[in-house]
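Only one structure is covered here, and it is reproduced in the block below.
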Protein chains: 2
Amino acid sequence: MVKKVEIPEDLQEIARFAKAMSHPVRVYILKKLSSRNACCYSGDLVDELPIGRSALSQHLKELKHAGLIQGEIEAPFIKYCINKENWAKLNSAFNDYLNVKLNETKIEI
Amino acid sequence: MVKKVEIPEDLQEIARFAKAMSHPVRVYILKKLSSRNACCYSGDLVDELPIGRSALSQHLKELKHAGLIQGEIEAPFIKYCINKENWAKLNSAFNDYLNVKLNETKIEI
DNA sequence: TTTTCATTTCGTAATTTTGCGAAATATTAA
DNA sequence: TTAATATTTCGCAAAATTACGAAATGAAAA
């Protein structure tokens, strides 16, 4: 009989990252900020996205709490950029998790 | 002024996949079924995981609806396996999405 | 047919997520 | 100081998520 065990931390981390990416608006923001190392303002995003300011603000907060973006005050704006370190962590975590070949049991001789 | 636009379908797809992976139990199941092409029964999982049968059943249903696993009746069991086609889709979707180099703006001469 | 077994579905409850508009905050411009 | 601007926080409501135990399902075994 297999003992009930805590789910390994690396899998829990994947779940946390996946949760941060589980809404189209957040996927959009991460895409925008990660490609081209671009930064942007909340006001840029609210013009592009089909949600209001306060909802957007909550998505930004969530991404901040997940450590994936960071905001820098550039009054009267807040400039949001990707958090490179944690974005790299997310990348390698997904790489490790997903890069399990479907046919790895096939052994070539 | 940038027009408000629907979020592109590829990003919405990432969000859907991420949502399927946004819970540790589901991450665990997908890991188990994707590596080694293993299949397993609900009963195997319930012994390993820190949740009850009915909660597990709901996670399996969610993964089925996301198209990531499939169940085959092998009475009195149900054998769950990865859905290779859609798992491959998930892999390439994340690959496209994530494989945006942080330093792609650096141009080597 | 009745019992047994693995699993799902149902009913319910607690919590989280998502979104909105209004109000608050904080900084710059007048 | 007052007004304007960008953004967040608050209060709220609707919907989704998560989990449980009990009951239902469906197939095999007795």
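Order of the sequence lines fixes the chain letters, A, B, ..., with proteins taken first and strands second; residue numbering starts at 1 for each chain.
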Can you give me the closest heavy-atom contact between B:Leu11 and A:Lys31, atom names plus distance?
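Closest heavy-atom pair between B:Leu11 and A:Lys31: CD2-CD, 4.1 Å.
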
Can you name the closest pair of heavy atoms from A:Cys40 and A:Leu33 and give their distance?
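Smallest interatomic distance, heavy atoms only, reads SG-CD2, 3.6 Å.
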
Quiz question: going by heavy-atom distance under 3.5 Å, is there a donor-acceptor pair between the base of C:dG21 and the side chain of A:Ser54?
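When only heavy-atom distances are counted, A:Ser54 does reach the base of C:dG21 through a donor-acceptor pair under 3.5 Å.
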
For [X] and [N], what is the distance between atoms [atom1] and [atom2] respectively, to the nearest whole Å?
X: B:Phe77; N: C:dT8; atom1: CZ; atom2: P; value: 12 Å
X: A:Leu49; N: C:dC20; atom1: CG; atom2: C1'; value: 16 Å
X: B:Lys64; N: C:dT8; atom1: NZ; atom2: C1'; value: 8 Å
X: B:Leu45; N: C:dT7; atom1: CG; atom2: C1'; value: 12 Å
X: A:Lys61; N: C:dT17; atom1: NZ; atom2: C1'; value: 12 Å
X: A:Leu56; N: C:dC20; atom1: CG; atom2: P; value: 10 Å
X: A:Ile51; N: C:dT18; atom1: CD1; atom2: P; value: 10 Å
X: B:His65; N: C:dT9; atom1: NE2; atom2: P; value: 8 Å

Do you know which of A:Lys64, A:Gln70, A:Lys89 makes side-chain hydrogen bond (donor to acceptor under 3.5 Å, both in side chains) with A:Asn83?
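Result: among A:Lys64, A:Gln70, A:Lys89, A:Gln70 is the only option passing the side-chain hydrogen bond (donor to acceptor under 3.5 Å, both in side chains) with A:Asn83.
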
With the side chain counted from C-beta on, respond yes when [X] and [Y] share a heavy-atom pair under 4.5 Å apart, and no when they do not.
X: B:Gln12; Y: B:Glu6; value: yes
X: B:Leu98; Y: A:Asn95; value: no
X: A:Ile78; Y: A:Ser42; value: no

With DNA chain D as reference, determine whether B:Glu62 or A:Tyr41 sits nearer its 5' end, using the nearest nucleotide of each.
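Of the two residues, A:Tyr41 wins.
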
Just how far is it from atom CG of A:Leu68 to atom CD of A:Glu62, taken to the nearest 0.5 Å?
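That separation rounds to 10.5 Å.
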
Should the ring pair A:Tyr97 and B:Trp87 be called parallel, tilted or perpendicular, given that the plane angle runs from 0 to 90° and is split at 30 and 60?
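Taking B:Trp87 first and then A:Tyr97, their aromatic rings stand perpendicular (interplane angle over 60°).
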
On DNA chain C, does the nearest nucleotide to B:Leu60 precede the nearest nucleotide to A:Arg53 from the 5' side, or the other way round? Give the residue.
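Looking at DNA chain C, the more 5' nearest nucleotide goes with B:Leu60.
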
Donor-acceptor check, side chain of B:Arg26 to backbone of B:Met21, threshold 3.5 angstrom: yes or no?
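No, because the side chain of B:Arg26 does not come within donor-acceptor range (under 3.5 Å) of the backbone of B:Met21.
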
Have a look at B:Ser42 and say if it touches a base, only the backbone sugar-phosphate, or nothing, with a 4.0 Å heavy-atom cut-off.
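The residue B:Ser42 makes sugar-phosphate contact but no base contact.
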
For chain A, the stretch of DNA chain D it reaches, first to last nucleotide, under 4.0 Å of its heavy atoms:
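Contacts span D:dA6 to D:dT9, reading 5' to 3'.
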
If only side-chain N and O atoms of A:His59 are considered, is one of them under 4.0 Å from the OP1 or OP2 phosphate oxygen of C:dG19?
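Yes, A:His59 has a side-chain N/O under 4.0 Å of OP1/OP2 on C:dG19.
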
May I ask you to list the residues of residues 14-29 of chain B, by number, that have any heavy atom positioned under 4.0 Å from an atom of DNA chain D?
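DNA chain D contact set from residues 14-29 of chain B: B:Lys19, B:His23, B:Arg26.
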
Where the side chain of A:Gln58 is defined as all heavy atoms beyond and including C-beta, which of C:dC20, C:dT7, C:dT27 is the nearest nucleotide?
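For A:Gln58, the side-chain atoms sit closest to C:dC20.
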
